[in-house]
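See structure below.
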Amino acid sequence: TEPMNEQTAFEPQIIAFCCMHCAYAAADLAGSSRIPYPPSLKIVAIPCTGRTDMGHMLKSFEYGADGVMVAGCLEGRCHYQSGNLYARQRVEHVAGMLEQIGLEKERARMVNVSAGQGARFAELANEFAETITELGPTGLKKKPAPTEIPLPAGKPE
Ligand code: FES
């Protein structure tokens, strides 16, 4: 086992915007199958990753996230056709914005899973958490969390 140091002691705060049709179900499956993924990964269910906008991602960093993952349906399988493709573009855009303010672009990541891929979801979540742990805290001054963060609607209308 590795000796404890500041890096291993750091527990990154990760927000995962998960599409209800796939990643959210995959996370649930990982949980019920007892496949571990980091407890510090906060899952926010959204109707489609196409509903995630750059403001939501950037706000997550403002409120203390060290990394933001957007998890959508497999490419070609989005229930709203191209939501996950738009989401990928937005995540890449946010990554570029992070770089502009002196943070690492790796702190924003898009992943794709199907509802049945619980183990794959856990693997992707663990990989991302490892990356963020290596990067360490953002160093941003964290805003106090509001009682309700203006996140995308959790349920479709
Ligand atoms: Fe899942 Fe669009 S419905 S990403």
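One-based numbering, in listed order, for ligands and for the atoms of each. In what follows, residues are counted from 1 in the order of the sequence shown.
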- Take atom OH of Y24 as the centre, draw a 6.0 Å sphere, and report whether it contains more than 12 heavy atoms from other residues, nucleotides or ligands. no
- Residues that N126 engages under side-chain contact (heavy atoms from CB on, under 4.5 Å), provided they are two or more places apart: Y37, P38, A122
- Would you please write out the protein residues whose heavy atoms approach any atom of ligand 1 to under 4.0 angstrom, listed by chain and number? C19, H21, C22, C48, T49, G72, C73, C78, H79, Y80, N84
- Does a donor on one side chain sit under 3.5 Å from an acceptor on the other, for R109 and T131? yes
- Applying side-chain hydrogen bond (donor to acceptor under 3.5 Å, both in side chains), name anything that partners R88, two or more places apart in sequence or on another chain. E75, N112
- Task: Count the heavy atoms belonging to other residues, nucleotides or ligands that lie under 6.0 Å from CD of E62, then report whether that count exceeds 12.
- Result: yes
Counting only pairs under 3.5 Å, give me each side-chain donor-acceptor contact of residues 96-106, with atom names and distances, residues two or more places apart or in other chains.
| unit_1 | atom_1 | unit_2 | atom_2 | d |
| --- | --- | --- | --- | --- |
| E104 | OE1 | R107 | NE | 2.7 |
| E104 | OE1 | R107 | NH2 | 3.1 |

